[in-house]
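No hydrogens, no waters, no symmetry mates; every other heavy atom, side chains included, goes into these values. The chains referred to below are lettered A, B, ... by the order of the sequence lines, with proteins before strands, and numbering in each begins at 1.
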Number of protein chains: 2
Amino acid sequence: MKDKHPTKTRPSRAQWLREHLENAIVDGHFAPGDRLDPVALARDYDCSRTPIREALQQLEASGMVRVYPKRGTFVTQLGVADLVERFDVMAELEGMCARLAARRITSEELSALRRAHEACRDCLDGSDADHYYHANGTFHHLIYAASHNAFLTQEATRLHAILKPYRRLQLHAYHRLQESFAEHEAILGAIERRDADAARQAIQHHVQLQGNRFNDLMATMPQLRETRPE
Amino acid sequence: MKDKHPTKTRPSRAQWLREHLENAIVDGHFAPGDRLDPVALARDYDCSRTPIREALQQLEASGMVRVYPKRGTFVTQLGVADLVERFDVMAELEGMCARLAARRITSEELSALRRAHEACRDCLDGSDADHYYHANGTFHHLIYAASHNAFLTQEATRLHAILKPYRRLQLHAYHRLQESFAEHEAILGAIERRDADAARQAIQHHVQLQGNRFNDLMATMPQLRETRPE
DNA sequence: TCCAGCCCTGATGTATACAACAGTTGGGCA
DNA sequence: TGCCCAACTGTTGTATACATCAGGGCTGGA
């Protein structure tokens with residue numbers, strides 16, 4: 001077969017900005033509700049508004065930001081109901097990933113997953129929430145990839161990124177790290193046993209629990225909506 | 001509570017173009033693989049390249065088109081493997097919709113769903129494939145909405161739109177309409193009985209069958225990749 | 001003092017001009 | 001005659017200028 005579009009070219013300025021801004025949002029540099037001022041960003045990144053605008057448009061399409069016409073662009077601020085909906089869908093997608101992963105994971109992928117799990121344990125020992133946060137992301141992403149469904153992986157990754165800023169908020173809850181790790185263990189065990197249904201159930205439980213935990217957290221601090229990073 | 005951004009404003013030119021082009025692609029005006037020439041579109045719609053570009057960028061983010069840097073923008077052309085992946089995810093999402101719909105559907109929504117089902121039957125009698133195609137879309141969308149999960153509805157609708165151009169190809173297969181209708185009947189019945197698991201299984205079977213059918217169709221006509229509408 | 005209407009300001013949305021780059025084609029050289 | 005390099009061409013990517021519009025403040029009247 002012939003490759004129809006084999007050319008690999010360096011990413012455009014707008015593309016680079018999209019990734020950069022997405023990371024900035026996911027990593028909490030911009031908080032939900034913050035305004036993204038195109039002219040300020042253009043100054044910061046030393047370019048015109050055009051690539052900034054394109055990057056913001058793409059971020060809107062992926063749900064990271066919300067553009068209010070003639071009003072400005074703001075980092076998506078999800079209400080409790082919105083989050084519940086997204087965690088429900090996330091649980092379903094991750095459940096599908098785990099189900100497929102249990103059937104399709106290769107030995108190399110399984111080794112990587114075990115290593116990621118051990119990395120989580122290391123962060124656990126030091127009660128290093130931020131590092132656990134990162135290792136946790138790796139663990140989940142490896143399961144997505146092990147589904148061997150590129151589209152599913154892409155969608156799960158996107159939704160995971162959207163929820164990441166909110167997930168961060170519940171990390172420091174007491175014993176949450178230990179609980180999370182124990183749930184990971186159940187997931188990994190089910191995948192190792194190639195028990196697709198158990199893996200699906202375990203990870204769905206894991207994600208739903210995150211959603212519920214977050215829901216509780218929101219209920220106890222309703223003033224959280226105005227949080228600014230500065 | 002106070003509305004933070006209550007202003008409703010008329011959609012911008014780029015926004016309008018996005019919807020218009022999306023419909024044009026979904027309705028088969030542009031075939032997979034067709035190039036979308038910004039300057040030609042700018043002439044056709046009597047505007048500059050700027051809003052065209054923004055519309056195309058947004059379409060790329062939703063997966064409808066693919067932009068090859070410095071090469072051009074083309075309607076997404078999915079290979080067999082890509083389609084299988086997407087039909088799998090579609091089945092999972094629709095399964096979730098049906099499961100939730102069985103539990104949450106209101107009597108009004110159920111009435112609307114029954115009416116949509118009857119509309120399908122009418123198209124069936126006349127062997128009117130195009131109209132059945134449309135009524136089928138309504139039926140599915142009503143199930144999405146009955147899940148009462150706006151995010152899930154949005155995602156399912158988006159994926160449904162991406163697959164629509166390909167779904168069209170298998171419509172005229174012998175007896176497919178009758179089979180499809182019978183499957184709808186099973187889905188509707190399960191929802192009426194509030195049998196969440198049966199509804200999920202029925203619709204997953206329905207979607208997977210579409211995927212498989214399509215797969216068969218592709219296998220029998222490999223030259224289909226160069227199809228043009230003109 | 002309060003309200004209504006208008007202008008002003010600052011932002012976004014669009015048009016146009018220019019720059020940079022991939023693919024191509026033609027000429028020069030071995 | 002065949003191959004390689006270079007300028008060309010047509011496209012996309014970016015910058016800038018202009019148009020348009022929402023919101024806020026001001027002024028005038030009751």
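- Between B/Leu56 atom CG and C/dT14 atom P the separation is 14 Å, expressed in whole Å.
- Within the 4.0 angstrom heavy-atom criterion, only backbone atoms of the sugar-phosphate kind lie near A/Arg13; the bases stay farther away.
- Atom CD in A/Gln57 sits about 9 Å away from atom P in C/dT14, given to the nearest Å.
- Rounding to whole angstrom units, CZ of residue A/Arg49 and P of C/dT16 are separated by 17 Å.
- Looking at heavy atoms from C-beta onward, A/Arg86 lies in side-chain contact with A/Leu78 at the 4.5 angstrom threshold.
- A/Val75 and A/Ala31 make their closest contact through CB-O, 3.5 Å (heavy atoms, listed as atom of the first residue, atom of the second, distance).
- Distance OH (A/Tyr45) to P (D/dA15): 14 Å, rounded to an integer number of Å.
- Of all nucleotides listed (C/dT12, D/dA15, D/dT14), D/dT14 comes nearest to the side chain of B/Arg53.
- Per the geometry, CD belonging to A/Glu60 stands 14 Å off C1' belonging to C/dG13, to the nearest Å.
- Looking at heavy-atom distances under 4.0 Å, B/Ser12 makes contact with sugar-phosphate atoms alone, never a base.
- In the set C/dA15, D/dG13, D/dA15, the nucleotide with an atom closest to the side chain of A/Ser48 is D/dA15.
- Going from atom CD1 of A/Ile52 over to atom C1' of D/dT16 covers 15 Å, rounded to whole Å.
- Annotation: A/His140 is in aromatic contact with A/His206 [ring centroid separation under 6.0 Å].
- Per the geometry, CG belonging to A/Asp37 stands 15 Å off C1' belonging to C/dG13, to the nearest Å.
- Candidate nucleotides D/dT12, C/dT14, D/dT14 were compared by shortest atom distance to the side chain of B/Lys70, and D/dT12 ranks first.
- Closest-nucleotide positions on DNA chain C for B/Cys47 and A/Val39 were compared, and the one nearer the 5' end corresponds to A/Val39.
- Proximity note for A/Arg35 (side chain, C-beta onward) versus C/dA11, C/dT16, D/dT14: the nearest is C/dA11.
- Within the structure, a side-chain polar atom (N or O) of B/Arg71 is placed less than 4.0 Å from OP1 or OP2 of C/dG23.
- Here the closest non-hydrogen pair linking B/Tyr132 and B/Ser180 is OH-OG, 2.8 Å.
- The separation between B/Leu36 atom CG and D/dT11 atom C1' is 15 Å, rounded to whole Å.
- Heavy atoms only, all atoms of each residue included: A/Arg200 and A/Gly95 are closest at CG-O, 3.4 Å.
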